[in-house]
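A quick write-up on the structure given underneath.
Lettering of chains follows the sequences in order, A, B, ..., and the numbering in each one begins at 1. Both backbone and side-chain heavy atoms feed into the values below; hydrogens, waters and symmetry mates do not.
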There are 2 protein chains.
Amino acid sequence: MEAPATAPRTGLRQRKKQRTREDLVEAGIRLFLEQGYEQTTVDQIAAAVEVSQRTFFRYFATKEDLAFGAVIVAEELFYEELCRRPPQESPLTALRRAARVVHEEMRNTTSTTVDSGLHLSVVRLIESTPSLLAAHLRRAEELEERVAAELARREGVDLSADLRPRLVTAVFTAACRAANRVWNSEGVPSLDAMVQLIERHLDQLQPALAGDWGRRAGALEEPPASSAPGTPATRADTTSEE
Amino acid sequence: MEAPATAPRTGLRQRKKQRTREDLVEAGIRLFLEQGYEQTTVDQIAAAVEVSQRTFFRYFATKEDLAFGAVIVAEELFYEELCRRPPQESPLTALRRAARVVHEEMRNTTSTTVDSGLHLSVVRLIESTPSLLAAHLRRAEELEERVAAELARREGVDLSADLRPRLVTAVFTAACRAANRVWNSEGVPSLDAMVQLIERHLDQLQPALAGDWGRRAGALEEPPASSAPGTPATRADTTSEE
DNA sequence: TGTCAACTGTCAGTGACTGACATAGCCTCA
DNA sequence: TGAGGCTATGTCAGTCACTGACAGTTGACA
């Protein structure tokens, strides 16, 4: 009667472990969101799941790690999708399309992998908690390295001799982080808003790097038909230097 | 006889405090470099200067903060130089030139502000110590926000409506970090090598973002006159999307 | 069913960091 | 110059994240 349709290949021990892990994540995230990350102690989380503190640390090396579960899943998905992108796509396009696939996946709420509603709250939690943000940025650097290696592979260039793989990757994540900062200061966390912001930021990359910033481009919303710019002259200096 | 040429405007108390602070930094950095950051305890540093642990934490809020002194000075200098750049320079050019000024300043070793030799070792220490790297990346984000605000001001755009200030800033620091990663894996830390790497990375920004990566550009060193690329055709897709 | 291996709890300890309180020393002003 | 005030410091106790060691419990499997 209670036997799930998906046959439990694993033994009782494995299932118990999996259960404990999920309980810890659930209780931890809930407490983090309720009372804040710093204000939540590991003892509290362990007590909520009725395990010892020692057991908590057998599941998660650090308190931070508990918060990154969903993020890690999304990042892995991104990496796998990137590896799957057809080779005729340019590096930046491949990165962009891989990100879109992740966002599509997240849109299927309560999917097997990532719960989008909670996920968005966790992203905000990370972004607004200094120690979590610090840990996340460092983790992101590690992902960047893997991504750069994959780009080098697909483009057939040498990662140790060619600067471009690391550069596109760094620029891409920089744009995403900039988008994230804007998204983080918005009212209600919304996946659509996040996706749109990332797309807009990627679109604005070239305009932002251009020597001359006409007052036209770069607007977050369509400007209400403002007056024509007064200084149509292009900038004297160029981006590339002597 | 011992009265320094620079008249001590401050009282004995102030001087003592300054002295203790300098001693803590010196002992701390030395110990970090000798035995590693994680392996060095606050008690050790405090003992080396003959103060209590409690006093240490009255000078530095965290153990990490001790390591960031020189970095903060350099960052402040960068920000001030950026504010000083003439308005006709494009944003990216202003950022680049401001960075050059900082590097020039660092070249004057044993200057009043930053000791370049030790400074380079500290940068490596930070880059190679996970917890320090994490803290540094988060601090860098805060600087980014200030820089973006300054760029918005000088260009006369609205930071909350225009994505470009944050974007250029993010891209610039992304390029610097990419350069730093390469620099960090080099043999002997050298200021010249660091400056050159940053310049090269900034030069490679546009090529890296280009849709098509010809096998020519992007090389770290001049390629030894390799064979002409076999696929001169440009990429089908473009960077900008529908 | 008994043995082994994996999972867990308990305990003691380290190290970063904080608040409270008392003391010692510079500093100021009469 | 000396009294009083303010500031820097030391001591102490405590919290919290995290770890190693050891022992007990329980699923796995022959």
Between A:S190 (side chain) and A:A193 (backbone), is there a donor-acceptor pair under 3.5 Å?
yes

Sidechain-backbone polar pair: A:Y37 side chain, A:P130 backbone, donor-acceptor under 3.5 Å
no

Side chain of B:T41 only, heavy atoms from C-beta on: which candidate in C:dA16, D:dT19, C:dA20 is closest?
C:dA16

Any donor-acceptor pair, under 3.5 Å, between the side chain of A:R15 and the base of D:dG27, if you only look at N and O atoms?
no

Looking only at side-chain N and O atoms, does B:Y59 come under 4.0 Å of OP1 or OP2 in D:dA8?
no

Would you please confirm or rule out a distance under 4.0 Å between OP1 or OP2 of C:dC26 and any side-chain N or O of B:K16?
yes

Looking only at heavy atoms, what is the nearest atom pair of B:R85 and B:A98, with distance?
CD-N, 4.1 Å

I want to check one thing: is the phosphate of C:dC7, taken as OP1 and OP2, less than 4.0 Å away from some side-chain N or O of A:K17?
yes

Using a 4.0 Å heavy-atom cut-off, does A:T40 contact any base of the nucleic acid, only the sugar-phosphate backbone, or nothing at all?
sugar-phosphate

Nearest of C:dA20, D:dT19, C:dA16 to any side-chain atom of B:V42?
C:dA16

Say whether, by atom type as modelled, one donor and one acceptor occur between the side chain of A:R124 and the main chain of A:W183 under 3.5 angstrom.
yes

Of A:L12 and A:E64, the one whose nearest nucleotide on DNA chain D sits closer to the 5' end is A:E64

Minimum-distance nucleotide (side-chain atoms of A:T55 versus C:dG9, C:dT18, D:dT7)
C:dG9

Nearest to the A:S52 side chain among D:dC6, C:dT10, D:dC18, which nucleotide is it?
C:dT10

